[in-house]
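For reference, the structure is listed below as structure tokens.
We count ligands from 1, going down the list as the structure has it; atoms in each ligand are counted the same way. Quick caveat, the model's predicted, so the values are computed rather than measured.
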Amino acid sequence: MAIVFKSDPIRGREWARILAERAPDLEFRMWPDYGDPATVRYLVAWIPPRDVGALFPNLEILFSSGAGVDQLDLGSLPAHVPVVRMVEPNLVASMAEYVAMATLALHRNLVDYIGFQRAATWKEIRVVPAPQRRVGIMGLGVLGIASLERLRPFGFPLAGWSRSPKVIEGVTCHAGAAAMDAFLAATDILVCLLPLTSETRGILDASTFAALPRGAGLVNVGRGGHLVDADLIAALDSGQLSGAVIDVVSKEPPPADHPFWSHPRIILTPHVASMTQPATACEVFLANLRRYQQGLPLADVVDRSRGY
Ligand code: NDP
Ligand code: OXD
């Protein structure tokens, strides 16, 4: 039974070592050395090969090596092959940690203080108590909920927005397009943790920014395609937004002349909010595979009709 790994090769070598110990029945092959394609049953990939169904005619499951699946062209994948996304404890924990870091950076005016330091200016900004800073998360999935839990001890009023209604203790939950403006109007720091779909592409645009209170902050850890870059720059330059922490951009890395590199009110990180860790990813992968091999339903299967 062969599994092909087509993602970061450094972490792939760790997968190979762990699976050799834990699952000797699986023959691990690293892309592009996939051997006899007819023997490949499972594929772990960030971007699968083109025409994967023709290349691996006996493929049974495609595992995304990340939590997001927008990088897969879901429509082009064989309809009978389930797509499983990566939900593993370290990936979830590191996202919650990053969201807490970014929220605190905006809350405690780090964007301003970095500028003041560069200008050798000793200047204080009055501290806003956390109970007066409302944090709203778009996307109440695995990562959105974990991030809210991590933020809870700081005392921010917390809110969230999702497609279907949710009840989360201590979080004001809004659902659906009709509720978006009310959610935004009561959000001082907006965090995007949505999947990128045809419904959410470009959702962080001028109209969304205009619906936020003046001076709000933005954290985008979803995907670059959620954000209309020029609208962010305009909102920052006009003061409608006071700062942004951006982890994902449409083209990664962005070109040298991209305004995010040098904008004084943007903190940019290179898509590192969260990372799949081989040890815990292998555990989750194996548990899921063993369930499947026993005829039980797979966990974390992507709903292709929703796109996430
Ligand atoms: P989930 O699938 O668990 O949750 C997605 C959430 O978004 C759900 O609450 C869903 O609503 C909501 N949603 C989807 N579409 C809409 C819509 N049209 N309107 C309102 N809400 C919507 O995803 P995860 O939490 O696991 O991951 C979220 C995203 O985070 C990933 O897709 C990926 O893009 C990004 N990510 C970024 C990383 C980074 O390092 N920067 C790392 C990992 C992931 P409902 O609950 O009603 O279905
Ligand atoms: C993911 C990512 O989706 O790293 O897991 O972006």
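- By the 6.0 Å contact criterion, CZ on R108 is open, its count of non-hydrogen atoms from other residues, nucleotides or ligands being 12 or less.
- Side chain of T197 to main chain of T200: a donor-acceptor pair is present (N/O by atom type, distance under 3.5 Å, no hydrogens or angles).
- Surrounding CG of L296 are more than 12 heavy atoms belonging to other residues, nucleotides or ligands, all under 6.0 Å away.
- The aromatic rings of F156 and F154 sit tilted relative to each other, their planes meeting at an angle between 30° and 60°.
- Remark: among candidates S94, S65, G68, the nearest residue to atom 3 (O) of ligand 2 is G68, based on non-hydrogen atoms.
- Here V69 has no heavy atoms under 4.0 Å from ligand 1, in either its backbone or its side chain.
- Heavy-atom separations between R223 and ligand 2 include at least one value shorter than 4.0 Å.
- R85 does not count as a contact of ligand 2, since none of its heavy atoms falls under 4.0 Å from the ligand.
- The option with the heavy atom closest to atom 1 (C) of ligand 2, from among A67, S274, G222, is A67.
- The aromatic rings of W161 and F183 lie parallel to each other, their planes meeting at an angle below 30°, with 60° marking the opposite boundary.
- At most 12 non-hydrogen atoms from other residues, nucleotides or ligands lie less than 6.0 angstrom from CZ of R201.
- Residue H271 touches ligand 2 through its side chain alone, judged by heavy-atom distances below 4.0 Å.
- Taking atom 11 (O) of ligand 1 as the reference point, the nearest protein heavy-atom neighbour is R163 N, 3.3 Å.
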